[in-house]
Amino acid sequence: MSCLPDPSGLVNTLLNSVPIGIAVLDADFRYLHINQRLASSNGLPAEAHIGRRPRDVIPDAGPALEAIMQAVQSSGEPRTRFAASAEIPPGSGQLRHWEASYHPLPMPGGQPCGIVAMVEDVTARYEAERVQRENEGHLRRVLDNLFAFVGVLALDGTLQSANRAPLEAAAIRIEDVRGLKFWDCYWWNYSPQIQAQIQHAVLRAACGEVSRFDVVVRMADNALTPIDFMLAPLRDEYGRITHLIPSAIDISARKRSEDALRHNEALLRQVVETIPDGLVMVDDAGLIRLVNSRMESLFGYPRATLLGQHFCYLLAEAQREQHQSKMKQYLQAPFDRHVADSQVLQARRRDGSLFPCKIGLSPMQVGNKPHVLASIRELTDADKGHKPEPA
């Protein structure tokens with residue numbers, strides 16, 4: 001039997017206007033009053049609550065809620081800000097979440113005779129937090145499966161987080177480096193010079209600058225690996241720098257390719273330099289772009305003088321104009337022309353002396369532009385029967 005009077009119309013209006021769910025229950029935990037906000041959250045009209053208990057309205061959570069009410073009424077002490085959840089409507093599979101506080105409602109003599117429930121529906125917040133957790137978990141899984149270094153630093157360079165790849169590669173745990181200044185972490189602390197380089201990049205990033213450079217990082221068993229490293233500021237929606245983001249990729253394969261290319265280029269250069277004929281590469285304008293050492297000895301010019309000169313500069317003056325015209329025709333329809341098949345020309349040395357030679361031509365592409373590789377062979381006494389064209 002209720003020990004409370006019915007709320008007046010004024011109180012009813014007041015309770016329905018507050019931005020939180022409110023209910024008043026008697027000593028047997030039957031609803032005497034419930035405002036529209038809480039009734040809607042429970043999934044029933046307000047009038048469907050009156051005279052019924054929580055277990056009748058929300059079967060999933062009702063018995064547990066009544067147990068809390070019983071403890072509050074027996075002790076006279078409120079229970080505040082506890083969490084509850086239930087399927088609304090029952091059996092729908094859709095959870096509704098609440099944050100509730102129960103306060104004892106005393107009789108004039110002080111004996112509790114009911115409960116005042118203040119309940120906030122936090123389902124939207126729970127859902128937003130769930131989506132955020134899922135997004136963060138998805139992002140973490142993406143980052144952890146990248147074969148790259150991605151981390152988060154505070155503005156002072158303190159490491160807050162890192163993905164799995166650099167931790168596994170270095171055989172360390174996040175606990176081994178979290179909270180350390182980034183330059184003091186395992187990856188860099190083998191070299192004071194590299195630590196200083198990383199620290200300088202942190203200072204630049206905190207000022208809004210992006211740093212990117214190749215650097216050698218330490219991995220497991222003190223193995224050193226080259227990486228392409230970048231450190232950039234992270235800004236919020238107002239443009240303020242909130243964190244620093246280091247990232248890197250392993251470039252050891254690229255370095256191996258570059259080393260192999262340099263080795264091949266050195267080997268090719270060695271082959272070119274040891275060829276007994278003079279070799280010269282000419283662009284589509286007839287300008288010399290490459291020569292070997294035999295060209296220097298053959299013509300008496302240093303390499304630097306030959307580069308950039310027109311190829312006809314090496315021929316006798318009487319033959320330059322004619323050969324320049326033939327070179328233009330050749331570039332329009334290039335083909336391999338062997339030295340043995342070429343005509344005899346007069347070449348001109350630095351000292352002005354002339355010598356007979358034959359020139360072989362091979363077309364090639366450099367940077368999508370046509371070039372010609374010319375091999376120049378001086379005719380000696382062994383080449384009897386070859387007479388140079390008159391100068």
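Source: prediction; values computed, not measured.
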Cluster check V177, L155: I/L/V/M/F/W/Y, side chain < 4.5 angstrom: yes
State whether a side-chain donor-acceptor pair under 3.5 Å links S293 with E273. yes
Aromatic rings Y126 and H97: how do their planes relate, parallel, tilted or perpendicular, breaks at 30° and 60°? parallel
Applying a strict under-4.5 Å side-chain criterion to I, L, V, M, F, W and Y, I'd like to know whether L315 and L287 cluster together. no
So is R218 actually on top of Y186's ring, under 6.0 Å and inside 45° of the axis? yes
Can you hop from M230 to I194 via hydrophobic side chains spaced under 4.5 Å? no
Checking K369, H371, R289 against D283 for side chain to side chain donor-acceptor pair (under 3.5 Å), the one that qualifies is R289
Please check if the distance between the ring centroids of F29 and Y102 is under 6.0 Å. no
Any luck finding a side-chain donor-acceptor pair between Q36 and S40 under 3.5 Å? yes
Over 60° means perpendicular and under 30° means parallel, so tell me whether F182 and F229 are parallel, tilted or perpendicular. parallel
Would you say W183 ends up clustered with L244 if hydrophobic residues are merged whenever their side chains have heavy atoms under 4.5 Å apart, either directly or through other cluster members? yes
Is it true that the side chains of S74 and Q70 contain a donor and an acceptor less than 3.5 Å apart? yes
With ring-ring contact (aromatic ring centres under 6.0 Å, His included) as the test, would you mind laying out the steps for F299 and F355 before giving the verdict? CA-CA 10 Å; F299 287 88; F355 65 92; 5.4 Å; yes
Consider only side-chain N and O atoms of N189 and Q195, and report whether a donor and an acceptor are under 3.5 Å apart. no
Check whether W187 and V152 end up in the same hydrophobic cluster, where Ile, Leu, Val, Met, Phe, Trp and Tyr are linked by side-chain heavy atoms less than 4.5 Å apart. no
Out of the candidates L105, V72, L32, only one should pair with I115 under the side-chain contact (heavy atoms from CB on, under 4.5 Å) rule; please name it. V72
With a 6.0 Å cut-off on the ring centroids, do F82 and W98 count as close? no
